[in-house]
Asks: 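I am attaching a structure below and will ask some questions about it afterwards.
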Amino acid sequence: MIKYPVQTFEDSAELLGRALSQHDLAAISSALLPLNTAETLEQLERLNTIERALAYRTLSKGRAIEVFERLDAALQADLVAGLQDVEVAEVFAQLSPDDRVALLDELPASVANRLISGLDEKERALTSTVLGYPQGAVGRYMSPEFVTTHPHLTVAQTFARVRSQLDDAESVYTIPVTDAGRHLVGVVSLRDVLRADDAVLVGEIMKAPLSFPATEDVEEAARYCADAKILVLPIVDAEDRLVGILTVDDALQILEDAETEDAARSGGTEPLRRPYLATPVGTIVRARVVWLLVLAVGATLTVQVIGAFEATLAEQVVLSLFIPLLIGTGGNTGNQAATTITRALALGDVRPRDFLKVFAREVRVGAFLGLLLGTLGFVIASLAFTVPLGWVIGLTLLGVCTMAASIGGLMPLLGKAVKADPAVFSNPFISTFVDAAGLIIYFLIATSILGL
């Protein structure tokens, strides 16, 4: 066995970078050769599109296919542009149908059609089955390659079916049980099959199945699979016929992608859908600039509010000192509530129909927070300035926190109700709205108490 010298990830990156800068294919191959698949993936994800394609082409056939399968669909699409048609067709044919569909969604229609036409009849039919479901439906992420058995078959017959399909099936650890009409009637684990006597019928050892409709939301299906702690979730059509399976590793990847997307949008940017270092600068700019423009336009509302109370500020210039404090407190309170409810929605802890319960709870939370912060603000402002100004700051903090928490809690629910991403209705818009509303509360209270 050939032993390669031990090298750190940084050593590999340095060797690979030097080889790529010199376009030395032999050196590139040598730099990647000692790495396992996970390390190779990490190295490729740090390269730009041209460098990645060059490095990928130095991999052996088996390693190339294995690496391609584990790349994000967006990076797969980038590689397709840098490979020859014969190389693309070869790795495309080796992908599972659900992974093929993810790649096809990233490619131009002309390229996608050419790749599909190059598949054999069986693989084309499997891929078309997955493609037939709408974007966002779990049917588009399921695997149509699975092993089934029937209640009247024996354990020995079932085991023979598993062995005959080991090379093609996505998973064999949980085996769906169907009747003659392909209706799902149960599931049996491979462990139970191995434990039972050969003559035992599957119907005697199968368990009641959990399943999910193929047309329902993929994130909900993935959450259902993860919460149920099952290795395989059978996917059925409207007539309860088995059409595919969602494996737990795919479910966890879907949830990770959804969480990444929510985190990005909560921060006011679009998800990159690929590793940071592999993302072109122009793509990062486009992901951020739209939200910055939206927030810049929204911020004009805050400017208008300050302009409307310009005379009040002129009489009590000290009021301007507390504007950053009030704006920041309101925005943070609203963002905290929105983040909490967005996460609760993702976990299935709340539903849009729970808006009254959420509203009542967030009003109380906001009031308690406002009371605590308002008391502190009253004491500090009274000692530093005057007691009337202390009352203004204290009451404003109470009102702003209550308002911000309640609005922050309701906005994600509103987004979910109108079929939009709750994260989009979250932090950026809440900050803009709460800033303006908080200033209105501030100036109205100041006008009333200070007699302006």
Side-chain angles (χ1 to χ4, degrees), residues 53 56-57 61-149 161-172 175-176 178 181-184 211-216 218 221 232-247 249-251 253-254:
Y56 179 82
R57 295 183 70 172
K61 179 180 176 181
R63 173 63 66 85
I65 292 174
E66 187 178 359
V67 167
F68 193 90
E69 287 177 339
R70 295 179 59 178
L71 283 170
D72 293 336
L75 294 186
Q76 289 178 342
D78 288 345
L79 267 183
V80 166
L83 300 177
Q84 297 176 359
D85 285 351
V86 63
E87 294 173 311
V88 174
E90 188 172 13
V91 294
F92 186 71
Q94 296 294 328
L95 296 176
S96 61
D98 52 322
D99 289 335
R100 282 195 205 114
V101 170
L103 172 56
L104 292 172
D105 287 338
E106 299 286 339
L107 296 174
S110 58
V111 178
N113 291 334
R114 188 168 69 250
L115 289 175
I116 292 176
S117 64
L119 296 172
D120 61 42
E121 186 175 345
K122 176 188 174 184
E123 294 298 331
R124 192 184 309 127
L126 291 172
T127 304
S128 297
T129 298
V130 179
L131 272 174
Y133 291 96
Q135 290 278 3
V138 66
R140 205 171 178 92
Y141 295 80
M142 70 181 184
S143 172
E145 295 181 302
F146 50 87
V147 182
T148 62
T149 186
R161 291 168 70 97
V162 171
R163 292 188 65 181
S164 67
Q165 300 180 54
L166 276 176
D167 292 336
D168 297 326
E170 180 80 9
S171 174
V172 297
I175 307 168
T178 60
R182 291 195 299 113
H183 298 97
L184 183 67
S211 63
F212 209 85
T215 55
E216 294 297 316
V218 63
V232 167
L233 177 65
I235 306 300
V236 297
D237 62 13
E239 298 177 359
D240 207 33
R241 288 179 300 206
L242 184 68
V243 294
I245 59 172
L246 180 69
T247 58
D249 56 326
D250 286 340
Q253 184 61 55
I254 290 165

Asks: With a 4.5 Å limit on heavy-atom distance, are the side chains of Phe212 and Leu246 in contact?
Replies: no
Asks: CZ/Arg100 to CG/Leu115 distance, rounded to the nearest 0.5 angstrom?
Replies: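 Going from the CZ atom of Arg100 to the CG atom of Leu115 covers 10.0 Å.
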Asks: To the nearest 0.5 angstrom, please state how far the CD atom of Glu123 sits from the CZ atom of Phe92.
Replies: 9.5 Å
Asks: State, with a plain yes or no, whether a side-chain heavy atom of Leu95 is found less than 4.5 Å away from one of Phe68.
Replies: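 A side-chain contact exists here, since the closest heavy-atom pair is under 4.5 Å.
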Asks: Nearest 0.5 angstrom please: Arg161 CZ to Thr148 OG1, how far?
Replies: 4.5 Å
Asks: Any donor and acceptor pair, going by atom type alone, linking the side chain of Arg124 with main-chain N or O of Leu119 inside 3.5 Å?
Replies: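 It does hold such a pair.
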Asks: Give the minimum heavy-atom separation between Ser211 and Asp240, together with the two atoms involved.
Replies: OG-OD1, 4.3 Å
Asks: To the closest 0.5 Å, what do you measure between CG (Asp99) and CD (Gln94)?
Replies: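 Here the interatomic distance stands at 12.5 Å.
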Asks: Is the closest side-chain heavy-atom distance between Tyr133 and Val101 below 4.5 Å?
Replies: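 No; the side chains remain at least 4.5 Å from each other.
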Asks: Does the side chain of Pro97 come within less than 4.5 Å of Thr129's, by heavy atoms?
Replies: no
Asks: Which heavy atom of Pro176 sits nearest to which heavy atom of Leu184, and what is that distance?
Replies: CB-CD1, 3.9 Å
Asks: Are Asp250 and Glu170 packed together at the side-chain level, in the sense that at least one heavy-atom pair is separated by less than 4.5 angstrom?
Replies: yes
Asks: State which residue, out of Asp98, Thr215, Asp105, fulfils the side-chain hydrogen bond (donor to acceptor under 3.5 Å, both in side chains) condition with Arg140.
Replies: Asp105
Asks: Could you give me the CA-CA distance, side-chain angles and deciding distance for Leu242 and Phe146, then say whether side chain to side chain contact (heavy atoms under 4.5 Å, CB included) is met?
Replies: CA-CA 10 Å; Leu242 184 68; Phe146 50 87; 3.3 Å; yes
Asks: Which pair of non-hydrogen atoms, one from Ile175 and one from Val147, has the smallest distance, and what is that distance?
Replies: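 What the structure gives for the nearest pair is CG2-O, 3.6 Å.
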Asks: So does Ala64 get a backbone contact from the side chain of Tyr56, meaning a donor-acceptor N/O pair under 3.5 Å?
Replies: yes
Asks: Please report the interatomic distance CD(Gln253) to OG1(Thr247), rounded to the nearest 0.5 Å.
Replies: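 Atom-to-atom, Gln253:CD and Thr247:OG1 are 10.5 Å apart.
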Asks: Ignoring hydrogens and geometry, is there a side-chain-to-backbone donor-acceptor pair from Asp120 to Lys122 under 3.5 Å?
Replies: yes
Asks: Let me see the working for Leu79 and Val91 under side chain to side chain contact (heavy atoms under 4.5 Å, CB included), right down to the final yes or no.
Replies: CA-CA 11 Å; Leu79 267 183; Val91 294; over 6 Å; no
Asks: Is there side-chain contact between Leu233 and Val138, with at least one heavy-atom pair below 4.5 Å?
Replies: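 Not touching, per the 4.5 Å side-chain cut-off.
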Asks: Are the side chains of Val130 and Pro144 in touch, meaning some heavy atoms are under 4.5 Å apart?
Replies: yes
Asks: Check Gly244 against Met142 and note the closest heavy-atom contact, atom names and distance.
Replies: CA-SD, 3.7 Å
